[in-house]
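By convention in this document, chain letters (A, B, ...) are assigned in the order of the sequence lines, proteins followed by strands, and residues within each chain are numbered from 1.
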Protein chains: 2
Amino acid sequence: MAKRIRGDNPDRAGLIYRALRHAIIEQALAPGAKLPEDAIGERFGASRTIVRHALGRLSAEGLVELRRNRGATVATPSWEEARDTFDVRLGLERLVMARLAGQIGREQIKTLEAHVAAEEQARGNNEPLSIRLATEFHILLAEMTGSPVLTRYVSEVASRCGLILALYSRPHSSECAVSEHRMILAALAAGDGAKAAAVMEEHLDGVANRALIVSRPSKERDIKDILSAYADEIAVAEKTPARRARKS
Amino acid sequence: MAKRIRGDNPDRAGLIYRALRHAIIEQALAPGAKLPEDAIGERFGASRTIVRHALGRLSAEGLVELRRNRGATVATPSWEEARDTFDVRLGLERLVMARLAGQIGREQIKTLEAHVAAEEQARGNNEPLSIRLATEFHILLAEMTGSPVLTRYVSEVASRCGLILALYSRPHSSECAVSEHRMILAALAAGDGAKAAAVMEEHLDGVANRALIVSRPSKERDIKDILSAYADEIAVAEKTPARRARKS
DNA sequence: GGACCGCGAATTGCATGCACTCTGTAGGCA
DNA sequence: TGCCTACAGAGTGCATGCAATTCGCGGTCC
């Protein structure tokens, strides 16, 4: 490993946390991907202790699943969880808009405009970056409310939504996001809080619908549903693991 | 230590986490109290590793402050943070009310009534329990939305509010909370979502005001403000630690 | 020929030890 | 006498080793 004297780098756990987080949001790590402590630790020159800490934080935010003795994987939210996340997100972002309504400053508008410009530029060129910037636009808005709590929550649900899009939406579905971001920004700059909120609502609804409604009956859920319909015909070994179903 | 064979207890970290959490909410651990890994680990028969994990989770939720090489203490939110927390809480609980409005069931109403009865009974007799139950009433409401995300967030801000009350309010200020809980419950049972939301708003505003407005200019903040007014008279050693101010 | 069982590799769960940082205190120097 | 420094105690930061669990795989029994 990188042989650094103790205390060289003051927060490696946070570093790894951020790295994994970005990788997940940018969909470089697909939902369901395994995250072995050893491998990650080796890659970042840290011991498992520290990696475990980072994974713990990610798990608390719902970005990774942490099953006992089975290791960590990138989370694969169920359809209900996905719906729920989008729903809460809508509520939170409404709060953001309400707070920002009258009191957003010139400087802040400029920062946001610069961000949207960056989004525009990344679109098409750099798909992963584009996805991350779209997420970060919302986080930036939350930060401007000056509320750390709100910022944290928006940041969490927005990240989770990135994950969900990777699972349930087809690629390139974030195409029109930039223009919607522009509209929100315009409404805010004009001081029209109500309109900003309305546009935001439409924006999030749009993203959610494009993602969720399209491909609801897919993969795992289908299997489970189908099987549950046959459950009473089988009516055996309800809770035992499959491989030992008939044991003893 | 309790000499249990490895793997006996499947989640001691979570256990310690809950224990500390309850202790903080019930104000058995006052804001600012030190939380040494050694002592806690010894008390629960676990090693520092596991205690550290629990403290990490608490820190992520804002119940504990974790300063590098200086150990963990029960958080002491600033006045601004307190205000912010209450503000976000109001927004979140409005979401809860909106969701619960039309679709709360008989069974759920009964559960809530039982809870309020327990609150009533604890009032006066068992102050710490009473405080915790009041917090848990709100968490229970959030759970009934069926949204894990919303539940988690409400649970966090509500806990933090418990902490804040310990810091900024005078004792016994939660006296009328029970009756307000009853009113919310009545409105919900009647299916009147709008009224429930209004009562909830009043309730939270009431709690916040009783706590925050009373003792705004107190203790630490005052000291800082006063000193900052004298800062330019001193105008020396701005950023260096005091004890080495004149070194080398 | 097919299903069950037990073994081993891989991987996590946790305790412990050593290194490092911080703080309080006593001693030395001007 | 007053200030700085050096030291020591306490307590955290992290790596590592060992125990435990899980899962895949080949052998064995029916």
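- For the OP1/OP2 pair of D:dC14 and a distance below 4.0 Å, the side-chain nitrogens and oxygens of A:T49 include no atom meeting the criterion.
- Of the listed nucleotides (C:dA15, D:dT21, D:dG13), D:dG13 has the atom at the smallest distance from the side chain of B:E37.
- In this model, no donor atom of one side chain and acceptor atom of the other lie less than 3.5 Å apart for A:S155 and A:R160.
- Ring planes of A:H53 and B:H53: perpendicular class, angle over 60° (limits at 30 and 60°).
- Note: CD1 (B:I50) to C1' (C:dT12) measures 13 Å, nearest angstrom.
- Distances from the side chain of A:P36 to the nucleotides C:dC14, C:dT12, D:dG13 place C:dT12 closest.
- For A:R12, a side-chain nitrogen or oxygen approaches OP1 or OP2 of D:dA15 to under 4.0 Å.
- Side-chain atoms of B:R48 come within donor-acceptor range of the base of D:dG13, with a qualifying N/O pair under 3.5 Å.
- Counting to the nearest Å, the C1' atom of C:dG13 and the NE2 atom of B:H53 are 11 Å from each other.
- Of the candidate nucleotides C:dG13, D:dT12, D:dC14, D:dT12 has the atom lying nearest to any side-chain atom of B:D38.
- Separating the CD1 atom of B:I16 from the C1' atom of C:dA15 is a distance of 13 Å, rounded to the nearest angstrom.
- As a whole-Å value, the separation of B:F44 CZ from C:dC14 P is 15 Å.
- When each of A:D84, A:I164, A:V154, A:V157 is paired with A:R89, the side-chain contact (heavy atoms from CB on, under 4.5 Å) condition holds for A:V157 and for no other.
- Following rounding to the nearest Å, A:L55 (CG) and C:dT12 (P) show an atom-to-atom distance of 9 Å.
- One interatomic measurement links the two molecules: CD of B:E42 to P of C:dT16, which rounds to 11 Å at whole-angstrom precision.
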Should A:R132 and A:E119 be marked as a salt bridge (charged side-chain N to carboxylate O under 4.0 Å, His left out) after you check the CA-CA gap, both sets of side-chain angles, and the distance that decides it?
CA-CA 9 Å; A:R132 204 181 85 201; A:E119 284 185 68; over 6 Å; no

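- For the OP1/OP2 pair of C:dT12 and a distance below 4.0 Å, the side-chain nitrogens and oxygens of A:R52 include no atom meeting the criterion.
- One finds no side-chain N or O of A:R70 lying less than 4.0 angstrom from the OP1 or OP2 phosphate oxygen of C:dT11.
- Across the protein-nucleic acid pair, B:R67 atom CZ and D:dG13 atom P stand 12 Å apart, rounded to whole Å.
- Spacing between atom CG of A:L15 and atom P of D:dG13 amounts to 17 Å, rounded to whole angstrom units.
- In this structure, B:R99 pairs ionically with A:D87, as a charged nitrogen and a carboxylate oxygen lie closer than 4.0 Å.
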